[in-house]
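Bear in mind the structure is a predicted one, so any value in this text is a computation, not a measurement.
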Amino acid sequence: MAGVALPKPGSLLIPDWQQSAEGKEYLNSILRKKKRKHFGLLERPVLPPQLPADIANYKIVVCGKGGVGKTSLIAKLAGLEVPNAHHETTGIQTTCVHWPACPRGSERPVIFRLQFWDCGETALRKFDHILPACKEKGDAVLFVFSFTDRSSFEDVPALISRTLGDDEDLARVVIGTKLDQYMHTDVTEQDLRVFQRTWHLPVMRVRSVNGPRLCDGRSLDGRAGLADAAPVLNGLVELLWHRDQVAPWTLFSEVNWPGGGSTAPRLSPRLPHCAPATLRLYTGPHWEDIAWATITGHVEASPIRTGRGQQPLYSDRSLCIMTKTAI
Amino acid sequence: MEESAVYLLCLAASSGVPLYCRSKGSSKQLTFSVIGSLNGVHMFANNQDVLLTATCTGNTRVVWRAFHDSINLIVMSSESAASDHSLHKLLENVFGAMVLVIGLDELTNIKNVERLKKDLRACYKLIDSFLMENEKMGDLTQCVDCVIANDTAILQECLDDFTQAAESNFGCLIAGGKVVAATEKWWRLSSQEVMLLCWLVASLPPNSSRDYPVYLPQGSPTVPHRLLTFQLVPGVDVCVLCGPSPSLQKVENELVERFWKPVVDPLRACLRVQMRSFPASVPIHRGILSLLLVNRDLNKSLHTVQAHPAEDVQNPDLKLALAQRRLALRSFYTLAMSRYFTSDHVDGKNSLQFEEPFPNSFTHSAHQCYTVSSTHKCYGMKTEAHLLFLLFSADVPTFSMRAIANKTMQLFSKDFPF
Ligand SMILES: Nc1nc2c(ncn2[C@@H]2O[C@H](COP(=O)(O)OP(=O)(O)OP(=O)(O)O)[C@@H](O)[C@H]2O)c(=O)[nH]1
Ligand SMILES: [Mg+2]
């Protein structure tokens, strides 16, 4: 990621698109009876046929000191009840958040399916399988600190190096929580400016507090919750989109593959040692992640999932392998 | 003590330091002196070689229980349905929950009390679910609550294949906090473990998937296993118990859709049998209000307070009636299990018998029992394979209860085997 300029907010995705007439129709697919709609792993938002959209999957790891508000942040983004007491997260918990957005100049909006991987600090320390499991095929890491806990902010650079090696190509985002507790704030805007200048990382701010409720007095108001979550979600998807679409890729090799087909191509060139997520396959009109490719000297791409569209990968004649890391 | 309040206290046995206190139905905190005397009297008895187990005041029951000479649990309850039997079950469940989440080592070998206190917070949700529960029966029977779904056979097959593909033998499908299907090996875990795992999943906030370390209280109390859970549709989770591999990512990406996508409709349908726990097509005698059936071999139970699907759940009177049915059936179960059906208890591992079985001198044991009150009647029946407890409306003739119970037992042994 180093060296890739950050996108200016609104430069890639149409700002406030969700408030446009079209955007509102797409938002309806993640609402039901004024509440936020939740989807199981087998489900996706259902759109009427006149509203086409692509679905883009991303895996986002959430790290940070115990109690800074990782679980609350994810609950807020997902439209779930924010816990009012601190219950330490045990092991790994993942949460899928669907968010429609519209890239500039694109004919179709994209529904971003962001899967947040939340792991408690203690679990990380106690079990060594947790961190690798979280990073496996990850796209981004959110480093969370709390505005009310200065040490959690000062620890961010160390946290980043504890979590990611230099060669790991996951997007890095820093996010400060408990912004609503301004009376107790321990981190100033000046601190953040210095931090940003030093580390060239995007910094976001959130207040993870439950929004208004519906007239039944119990359920959270879905629309109000979405409005609260929109700045963070838009910021995140813009970064992910930027990383996918704009950041430079180097051509690693090109293979002729006459006729395409439904079996996995065997590619002979030796591939660089890099995180699987940094490899991409170009087949005709679309880039496809081959994050699941096994890197054992050949690529085995499986048709089960594709990055953007739902068609299997093997539809075109020529295959390019692109990589982001220098070879 | 206030009407229907429950306090649960956990202390380190050696030092008497309170580790946590959970309560229900009261906002008042127990004062340190009350906690001190509750523990003190138990300790005093202990020093005199007396095992203090329970006592009661005008409206409150107190039960003490020490686990591994390391953890003391004390419960005080002023709930009308509380009995020594049910409170002992509660304490067993609570200790089981503590082992499940943080492991036995940390509980028996306390090095740092503050650390332990902090770690124990991870059990609060599960422990509270035992205090607050108002639908399930597994806390009392220690046999997991199940549902009979419409497509159990198909779902069982998917589960077996999925579990195998995830390199495990232990798989379980849970809908609305009750078991729809589980693999053969899963049923061979101890009955308390099966129940605890299901309650754990039900007590956690909704997540798409989880990789949760668990210590099995009987099978593996010191070495954690990984409990992987996947929310297939909201309210329905599939779980597998694994060793170090495969990774959560791998199972989720490669197996979940492959095995479960084809049965998404049957999965959603599981939630529709929730209130009754079995399909509307199962014909239950109209005099039966509420039912509890325990499979003694697999240690699983089927329970409903709404035997007749036509009843209108929105009606507030019915809501109250359902709560009363539940209490009545729980009291009857407790009575029957502690007095009549004792001899070979479902979970034979509970060595300590805290209540005197009915007529002590008898060598034979009861197979059927009933009670009659002005508001309802109850009938209990024990066979080789099952225990059945029925709650009838008061207008059902007493002499007919036995025949109805027999017929109901037949129904669940032949037509809708459970
Ligand atoms: N006021 C306010 N409280 C917050 C905010 N975020 C989190 N909290 C509170 O902070 C406490 C801890 O939050 P969690 O989200 O559980 O913290 P965590 O980072 O997941 O903690 P671990 O799982 O232990 O690592 C809870 O009591 C939350 O209610 C926020 O933005 N504003
Ligand atoms: Mg957490």
Exercise for the section: List the steps, then state whether side-chain contact (heavy atoms from CB on, under 4.5 Å) holds for B:Asp211 with A:Gln93. Expected result: CA-CA 7 Å; B:Asp211 185 334; A:Gln93 299 179 343; over 6 Å; no

Q. Should A:Glu43 and B:Arg268 count as an ion pair when the cut-off is N to O under 4.0 Å?
A. yes

Take a 6.0 Å sphere around CZ of A:Arg32 and say whether it holds more than 12 heavy atoms from other residues, nucleotides or ligands. no

Under a 4.5 Å heavy-atom criterion, the part of residues 75-88 of chain A in contact with chain B comprises A:Leu80, A:His86, A:His87, A:Glu88

task = Go through the steps for A:Phe39 and B:Gln231 under the test side-chain contact (heavy atoms from CB on, under 4.5 Å), then give the verdict.
result = CA-CA 9 Å; A:Phe39 300 90; B:Gln231 184 195 59; over 6 Å; no

Interface check, chain A: of B:Leu248, B:Val264, B:Leu267, most non-hydrogen pairs under 4.5 Å belong to B:Leu248

Cut-off 4.5 Å, heavy atoms of chain B, and the answer for A:Phe127 is side chain

Donor-acceptor pair, B:Lys261 side chain versus A:Leu42 backbone, under 3.5 Å? yes

Okay, B:Phe230 and chain A: the region with an atom under 4.5 Å from a heavy atom over there is both

In terms of heavy-atom contacts, B:Pro213 and A:Gly91 come closest through CD-CA, 3.7 Å

#### Entry: Over 12 non-hydrogen atoms of neighbours within 6.0 angstrom of CD in B:Gln29
no

Turns out that what part of B:Pro206 lies under 4.5 Å from chain A's heavy atoms comes down to both

For this session: Spell out, as yes or no, whether a donor-acceptor pair under 3.5 Å connects the side chain of B:Ser247 to the backbone of A:Ala133.
Result: no

Correct closest heavy-atom pair for A:Gly40 and B:Pro234 would be N-CD, 3.6 Å

| said: If we count only N and O atoms by modelled type, under 3.5 Å, do the side chains of B:Ser209 and A:Thr94 hold a donor and an acceptor together? | reply: yes

Crowding at NZ, A:Lys35 (>12 non-hydrogen neighbours, <6.0 Å): no

Most contact-rich option vs chain A, by heavy-atom pairs under 4.5 angstrom, among B:Arg121, B:Lys250, B:Arg226, is B:Arg226

Most heavy-atom pairs under 4.5 Å with chain A, out of B:Lys125, B:Glu252, B:Arg210, belong to B:Glu252

Here the pair of heavy atoms bringing B:Ser208 nearest to A:Leu41 is O-CD1, 3.5 Å

